[in-house]
Amino acid sequence: MVTIRLHNSKTRRKEDFVPLNPGNVRMYVCGPTVYDRAHLGNGRPVVVFDTLFRLLRHVYGPDHVTYVRNFTDVDDKINATAQARKAAGDPRSLEALIRERTEETIGWYHADMDALGALRPTQEPRATEFIGAMISMIEGLIAGGHAYEKAGHVLFRVRSYKDYGALSGRSVDDMIAGARVEVAPFKEDPMDFVLWKPSDADLPGWESPWGRGRPGWHIECSAMSYELLGASFDIHGGGLDLQFPHHENEIAQSCCAHPEAGFAQVWMHNEMLQVEGKKMSKSLGNFFTVRDLLDQGVPGEVIRFVYLSTHYRKPMDWTAEKAKEAEATLRKWRALVADVDAEGAEPDHIVVAVLSDDLNTAGAISALHAVYQHVEHSGVGKASFKAAANILGLLQDGMGAWAEPVDLAGPTMRLSELREVAMSTKDFAAVDAMKSALTAAGVEVRMSKAGVVLLPGLGFDPEKLRGL
RNA sequence: GGCGGGUUGGCGGAGAGGUUACGCAGCGGAUUGCAAAUCCGUGAAGACCGGUUCGAUUCCGGUACCCGCCUCCA
């Protein structure tokens, strides 16, 4: 069996991955807050951990991996959207408006992430379905002396957990010295964070031992991972920006609530995303969603390829140039395995080995280039090539419509005839005219002794072919 | 201010203490009505300064620059 090695943020080292139970490998990844479309940065961890999910399924068997990714549907931004709609005159209740907004956003998320070729996780719990579990965990923390109630809030007592800061390499004292902590009079210590907060009538709330209120952000992941994966599980993933404070707080909560267990064994964090060398932000005008790209005609598979062409622990720069290169490569690869069935085929072992070394997707893509060369020349190993690409979620059946030939038989025939005539008359004017028209419509024109081949490119516009 | 990460050839981007990464672009050639595509071949790197070593781009230290987090933005 292949040994998977993973860089563990907790130990800052690459380690052999040894699951607690090979019969059920368990992974939890922090999912989206469902208040709006997923932007390009949101897609990166989805594709990264989907690739890990696929690798784990390959190594341990598809039925022996449990992948949980949550939906955060309790959030002030969701509330704000709902309140805005209500203020605009919508007669429905706030709860109904919130439900509508989160349902709508989850639908978008699924559609967009499906387009990136990501498998649905085994379970996708919503925070609102686990409020009871959060309340019990908070009660346990209070009973254990790790949390306290004050002014309608319940706060986690950071000083009660000696390893607080270990994941992100910070000490409580250093952070306080940094002085960027929220000042709240009811906190025992400035670093203490909210487990539960009161809701007034204009906000969604649940009854609790501390009155009507709603959970703080961090407790949901602790409660849901415990309910669905247990007190100890294998991998916890998310973006690097979540390392502090979110994951640090999760560890504190979970380890104090279940001191006998180890919580997550391996922590993985993907680096952030940039666009054309700059941080993606609305103020710079380079902010866009996955849906924006899909609507512009960039295939989801191309977006996925670009994500995977940079190692997950390095900042990734999205550029139009990369998308162009990715498209060309995928077209070439898809042409090679157009009619190949990879079902049951053994994926190329070098690609798998490279990928198993801390999810080296960029290295795996390079290895695929080498395998392609070999298969191209020898004609053998197509299924193995495709199966290896499939572990990266590339060249999946059903995702290649964008690369499939469009019926251009008519223009092909006409151009062939024109060329036939021109070859004898030596007057190529008509041929060249038609060729430029085709090129302008986004069609790639290939002419050789073997004949004429027309291939639609990314910007192919069938409308422009009318009249040809 | 505190913590963490990065700096590889024209561009993108990996691995490895010593032997070609790879892709794109470029250049030369085959092919071509022209071009595209394809194929063959080919040049090009390791921010800076020290240290360890027979030998470092790869390990260690320092400098410069860049980036992220510390503000419920993945």
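Numbers restart at 1 for each chain; the letters A, B, ... are given by sequence-line order, proteins then strands.
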Problem set entry | Who pairs with B:G68 - Watson-Crick or G-U, where each distance is under 3.5 Å | B:C3
Exercise. If you pin A:Glu321 and A:Leu242 to their nearest nucleotides in RNA chain B, which one's is more 5'?
Worked result: A:Glu321
For this session: Using atom CG of A:Leu308 as one end and atom C1' of B:A14 as the other, report the distance to the nearest whole Å.
Result: 14 Å
Seminar exercise, completed: Testing B:A74, B:A37, B:C72 for proximity to the side chain of A:Pro45, the answer is B:A74
Exercise. To the nearest Å, how far apart are A:His153 NE2 and B:C72 P?
Worked result: 14 Å
Exercise. Considering only B:C73, B:C40, B:G13, which nucleotide approaches the side chain of A:Thr310 most closely?
Worked result: B:G13
For this session: Could you give the distance separating B:C65 and B:A74 at their C1' atoms, to the nearest angstrom?
Result: 27 Å
Exercise. Which atoms form the tightest heavy-atom contact between A:Phe71 and A:Val34, and what is the distance?
Worked result: CD2-CG1, 3.5 Å
For this session: Determine, for A:Arg157 against A:Glu188, whether the closest basic-nitrogen to carboxylate-oxygen distance falls under 4.0 angstrom.
Result: yes
Seminar exercise, completed: Tightest non-hydrogen contact, residues A:Ile235 and A:Leu56, listed as CD1-CD1, 4.1 Å
Exercise. Can a side chain N or O of A:His377 be found less than 4.0 Å away from OP1 or OP2 on B:C40?
Worked result: yes
Exercise. Taking the P atom of each, how far is B:A16 from B:C60, in whole Å?
Worked result: 14 Å
Exercise. Which of the following nucleotides, B:C67, B:G33, B:A74, is nearest to the side chain of A:Asp432?
Worked result: B:G33
Exercise. So what does A:Val46 touch, heavy atoms closer than 4.0 Å: a base, only the sugar-phosphate, or nothing?
Worked result: nothing
Problem set entry | Gap between atoms CG and C1', on A:Asp241 and B:G4 respectively (whole Å) | 13 Å
Problem set entry | Whole-Å P distance, B:C11 and B:A25 | 16 Å
Exercise. Rounding to the closest angstrom, what is the interatomic distance between B:C27 and B:A14 at atom C1'?
Worked result: 25 Å
Exercise. Any idea which of B:C72, B:C70, B:G13 is nearest the A:Lys197 side chain?
Worked result: B:C72
For this session: In plain terms, say whether A:Asp76 and A:Arg214 are close enough for a salt bridge, that is, a side-chain N and a carboxylate O under 4.0 Å apart.
Result: yes
Exercise. NA contact type, A:Arg44, heavy-atom cut-off 4.0 Å: base, sugar-phosphate, or nothing?
Worked result: nothing
For this session: Look at all strands and tell whether A:Leu368 reaches a base, only sugar-phosphate, or nothing, counting heavy atoms closer than 4.0 Å.
Result: nothing
Exercise. Are the charged groups of A:Arg99 and A:Glu95 less than 4.0 angstrom apart, N to O?
Worked result: no
Exercise. Under a 3.5 Å cut-off for both distances, is B:U52 Watson-Crick or wobble paired, and to whom?
Worked result: none
For this session: Give none if B:A14 has no partner; otherwise give the nucleotide forming a Watson-Crick or G-U wobble pair with it, both distances under 3.5 Å.
Result: none
For this session: Return the minimal non-hydrogen interatomic distance between A:Leu167 and A:Glu248, and the atom names on each side.
Result: N-OE2, 3.3 Å
Problem set entry | Watson-Crick or G-U wobble partner of B:U63, both distances under 3.5 Å | B:A47
Exercise. Could a donor-acceptor pair under 3.5 angstrom be found where the side chain of A:His269 meets the base of B:A74?
Worked result: no
Seminar exercise, completed: Atom CZ of A:Phe244 and atom C1' of B:G68 are separated, to the nearest Å, by 14 Å
Problem set entry | Short N-O contact, A:Glu444 and A:Arg446, less than 4.0 angstrom | yes
Exercise. Looking only at atom C1', what distance separates B:U57 and B:C24, rounded to whole Å?
Worked result: 23 Å
For this session: Identify which nucleotide among B:A74, B:G12, B:G4 has an atom closest to any side-chain atom of A:Arg12, counting heavy atoms from C-beta outward.
Result: B:G4
Exercise. In a check of salt bridge (Lys or Arg N to Asp or Glu O under 4.0 Å) between A:Asp358 and each of A:Arg13, A:Arg313, A:Lys314, which one passes?
Worked result: A:Arg313
Problem set entry | Charged N-O contact under 4.0 Å between A:Asp50 and A:Arg304 | yes
Problem set entry | Separation between the C1' atoms of B:U8 and B:G23, rounded to whole Å | 15 Å
Seminar exercise, completed: Contact string for nucleotides 16-23 of chain B, one letter per nucleotide 5' to 3', B = base within protein heavy-atom range under 4.0 Å, S = sugar-phosphate only, - = neither, reads -----BBB
Exercise. Reckon A:Gly41 touches a base, only the sugar-phosphate, or nothing at all at heavy-atom distances under 4.0 Å?
Worked result: base
Exercise. side-chain hydrogen bond (donor to acceptor under 3.5 Å, both in side chains) between A:Asp75 and A:Thr72: does it pass, once the steps are laid out?
Worked result: CA-CA 7 Å; A:Asp75 175 81; A:Thr72 298; over 6 Å; no
Exercise. Contact class for A:Phe428 vs. all strands (heavy atom < 4.0 Å): base, sugar-phosphate, or nothing?
Worked result: base
Seminar exercise, completed: What residues 71-81 of chain A contributes to the RNA chain B interface at heavy-atom separation below 4.0 Å is A:Asp76, A:Lys77
Exercise. Going from CZ on A:Arg54 to CG on A:Leu355, what distance comes out if it is rounded to the nearest 0.5 angstrom?
Worked result: 11.5 Å
Exercise. Does any donor-acceptor pair link the side chain of A:Asn360 with the base of B:G13 at a separation under 3.5 Å?
Worked result: no
Problem set entry | Cationic N near anionic O, under 4.0 Å, A:Asp73 to A:Arg101 | no
Exercise. Within the pair A:Arg419 and B:G33, is there a side-chain N or O less than 4.0 Å away from OP1 or OP2?
Worked result: yes
Exercise. When you measure from the side chain of A:Lys314, which nucleotide among B:C3, B:C39, B:U7 comes out closest?
Worked result: B:U7
For this session: Could you check how far CD of A:Glu327 sits from P of B:A37, rounded to whole Å?
Result: 13 Å
Problem set entry | Considering all heavy atoms, the nearest A:Asn286-A:Met280 contact | O-CG, 3.2 Å
For this session: Using whole Å, report how far CZ of A:Arg313 lies from P of B:G68.
Result: 19 Å
Problem set entry | Rounded distance in Å - CG (A:Leu240) to P (B:A74) | 14 Å
For this session: In whole angstrom, give the distance that lies between atom CZ of A:Arg446 and atom P of B:C34.
Result: 18 Å
Problem set entry | B:C72 to B:G61 separation - P atoms, rounded to the nearest Å | 34 Å
Seminar exercise, completed: When both distances are under 3.5 Å in a Watson-Crick or G-U wobble arrangement, the nucleotide paired with B:U32 is none
Exercise. Applying a 3.5 Å limit to both distances, which nucleotide forms a Watson-Crick or G-U wobble pair with B:C73?
Worked result: none
For this session: Determine the interatomic distance between C1' on B:U20 and the same-named atom on B:G41; round to the nearest Å.
Result: 14 Å
Exercise. For A:Arg214 and A:Gln243, take the nucleotide of RNA chain B holding the closest heavy atom to each; which residue's nucleotide lies nearer the 5' end?
Worked result: A:Gln243
For this session: Both distances under 3.5 Å, Watson-Crick or G-U wobble: report the partner of B:G9, or none.
Result: none
